[in-house]
Amino acid sequence: MSTIFAKIIAKEIPADIVYEDDLVLAFRDIAPQAPVHILVIPKKEIPTANDVTEADELTLGRMFTVAAKIAKENNIDESGYRLMVNCNEDGGQEVFHLHMHILGGRKLGPMLSKQG
Ligand code: 5GP
């Protein structure tokens with residue numbers, strides 16, 4: 001089942017795209033939770049982290065090299081940043097098209113909230 005991210009890949013809805021190649025697309029999150037909040041997604045529709053296969057390893061590796069490039073371009077490579085992938089309900093996943101969050105530009109605090 002396609003998501004809003006498939007529409008962004010197809011350029012059917014606008015997004016602030018910061019990087020694109022044959023395998024991945026990166027764009028600014030519509031509701032940023034840090035000064036830099038960019039999503040890196042595979043162009044292939046992979047719903048969750050549970051659905052990755054060996055055939056996706058090149059794409060998944062590309063997501064990391066692109067994240068490093070974007071971090072440098074946004075001057076957060078030295079100060080630091082967080083790469084995050086949420087999976088399913090307990091992980092807080094809202095859009096069921098695999099995506100890596102790049103978050104930085106401020107101190108992000110503890111990795112998890114203390115509640116629960
Ligand atoms: P998740 O909670 O699934 O890990 O993260 C989904 C992210 O996608 C959220 O941070 C949300 O703000 C972002 N998002 C949802 N819809 C859109 C959209 O239409 N455009 C953009 N740029 N980001 C979106």
Side-chain angles (χ1 to χ4, degrees):
M1 199 171 63
S2 281
T3 69
I4 192 101
F5 289 177
K7 292 192 170 65
I8 289 174
I9 292 166
K11 312 279 165 59
E12 288 169 13
I13 64 163
D16 187 354
I17 293 171
V18 299
Y19 179 88
E20 179 168 17
D21 66 22
D22 54 330
L23 294 177
V24 307
L25 183 71
F27 52 91
R28 293 190 187 276
D29 197 290
I30 204 165
Q33 295 185 37
V36 177
H37 188 174
I38 291 168
L39 304 173
V40 185
I41 69 171
K43 286 189 166 173
K44 178 182 170 189
E45 290 193 56
I46 302 171
T48 80
N50 290 330
D51 302 305
V52 301
T53 69
E54 281 184 17
D56 300 319
E57 286 174 357
L58 180 62
T59 301
L60 301 173
R62 183 74 60 83
M63 288 169 71
F64 270 88
T65 53
V66 166
K69 178 181 157 69
I70 289 171
K72 195 170 177 55
E73 282 171 1
N74 284 268
N75 296 311
I76 57 170
D77 53 329
E78 294 299 328
S79 54
Y81 56 96
R82 185 171 291 160
L83 301 179
M84 199 171 75
V85 177
N86 296 322
C87 181
N88 277 341
E89 190 180 347
D90 283 1
Q93 185 174 6
E94 289 174 358
V95 178
F96 287 83
H97 182 125
L98 185 72
H99 51 282
M100 174 191 279
H101 295 259
I102 306 171
L103 293 152
R106 67 167 171 82
K107 283 215 185 305
L108 296 169
M111 191 169 65
L112 299 174
S113 73
K114 299 239 188 315
Q115 69 194 65

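If you're wondering where the values come from, they're calculated on a predicted model, not measured in any experiment. All ligand and atom numbering here is 1-based and tracks the order in the structure.
Residue D29 places at least one N or O, backbone or side chain, under 3.5 Å from an N or O of ligand 1. Residue contacts with ligand 1: H99 is placed with a nitrogen or oxygen under 3.5 Å of a nitrogen or oxygen of the ligand (distance criterion only). Here's the thing with G92: one of its N/O atoms is less than 3.5 angstrom from an N/O atom of ligand 1. When only interatomic distances are considered, the shortest N/O to N/O separation between N86 and ligand 1 falls below 3.5 Å.
At a 4.0 Å heavy-atom cut-off, ligand 1 touches I30 through backbone and side chain alike. The part of L39 lying near ligand 1 is the side chain, judged by heavy-atom distances below 4.0 Å. When heavy-atom distances to ligand 1 are checked against a 4.0 Å cut-off, V85 has no atom that comes that close, whether in backbone or side chain. For H101, every heavy-atom contact with ligand 1 shorter than 4.0 Å involves the side chain, none the backbone.
In this structure, CD1 on I8 lies 8.0 Å from CG on L39, to the nearest 0.5 angstrom. Here the straight-line distance linking atom NZ of K43 with atom CZ of F5 works out to 15.0 Å at 0.5 Å rounding. Taking CG of D56 as the reference point, atom CG of D51 lies at 9.0 Å (rounded to 0.5 Å). Between the CD1 atom of I70 and the CG atom of L83 there is a distance of 10.0 Å, given to the nearest 0.5 Å.
Atom 15 (C) of ligand 1 has as its closest protein heavy atom V95 CG2, 4.0 Å. Protein heavy atom in closest approach to atom 19 (O) of ligand 1: I4 CG1, 3.6 Å. When hydrogens are left out, the protein atom nearest atom 3 (O) of ligand 1 is E94 N, 2.6 Å; that is the closest non-hydrogen contact. The closest protein non-hydrogen atom to atom 22 (N) of ligand 1 is R28 O, 2.9 Å.
In this structure, K7 contributes its side chain and S2 its backbone to no donor-acceptor pair below 3.5 Å. A donor-acceptor pair is defined here as one N or O able to donate and one able to accept, closer than 3.5 Å; such a pair exists between the side chain of Q93 and the backbone of P47.
Below 4.0 Å from some heavy atom of A31 lie the following atoms of ligand 1, by number and element: 12 (O). Those atoms of ligand 1 that come under 4.0 Å of a heavy atom in F27, given as number and element, are 21 (C), 22 (N). For ligand 1 and Q93, the ligand atoms under 4.0 Å from any heavy atom of the residue are 3 (O). Here is the list of ligand 1 atoms found below 4.0 Å of a heavy atom in I8: 20 (N).
Listed here is the closest heavy atom pair of G104 and A34: O-CB, 3.5 Å. When all heavy atoms of M100 and A67 are compared, the pair lying nearest together is SD-CB, 3.9 Å. The shortest non-hydrogen separation linking P42 to I46 is CG-CD1, 4.2 Å.
The only member of I9, T48, I4 that meets side-chain contact (heavy atoms from CB on, under 4.5 Å) when paired with H97 is I9.
Heavy-atom distances between F5 and ligand 1 reach below 4.0 Å in at least one pair.
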- Give the intermediate values and the outcome of ring pair (Phe, Tyr, Trp, His ring centres under 6.0 Å) for residues H99 and H101. CA-CA 6 Å; H99 51 282; H101 295 259; 5.1 Å; yes
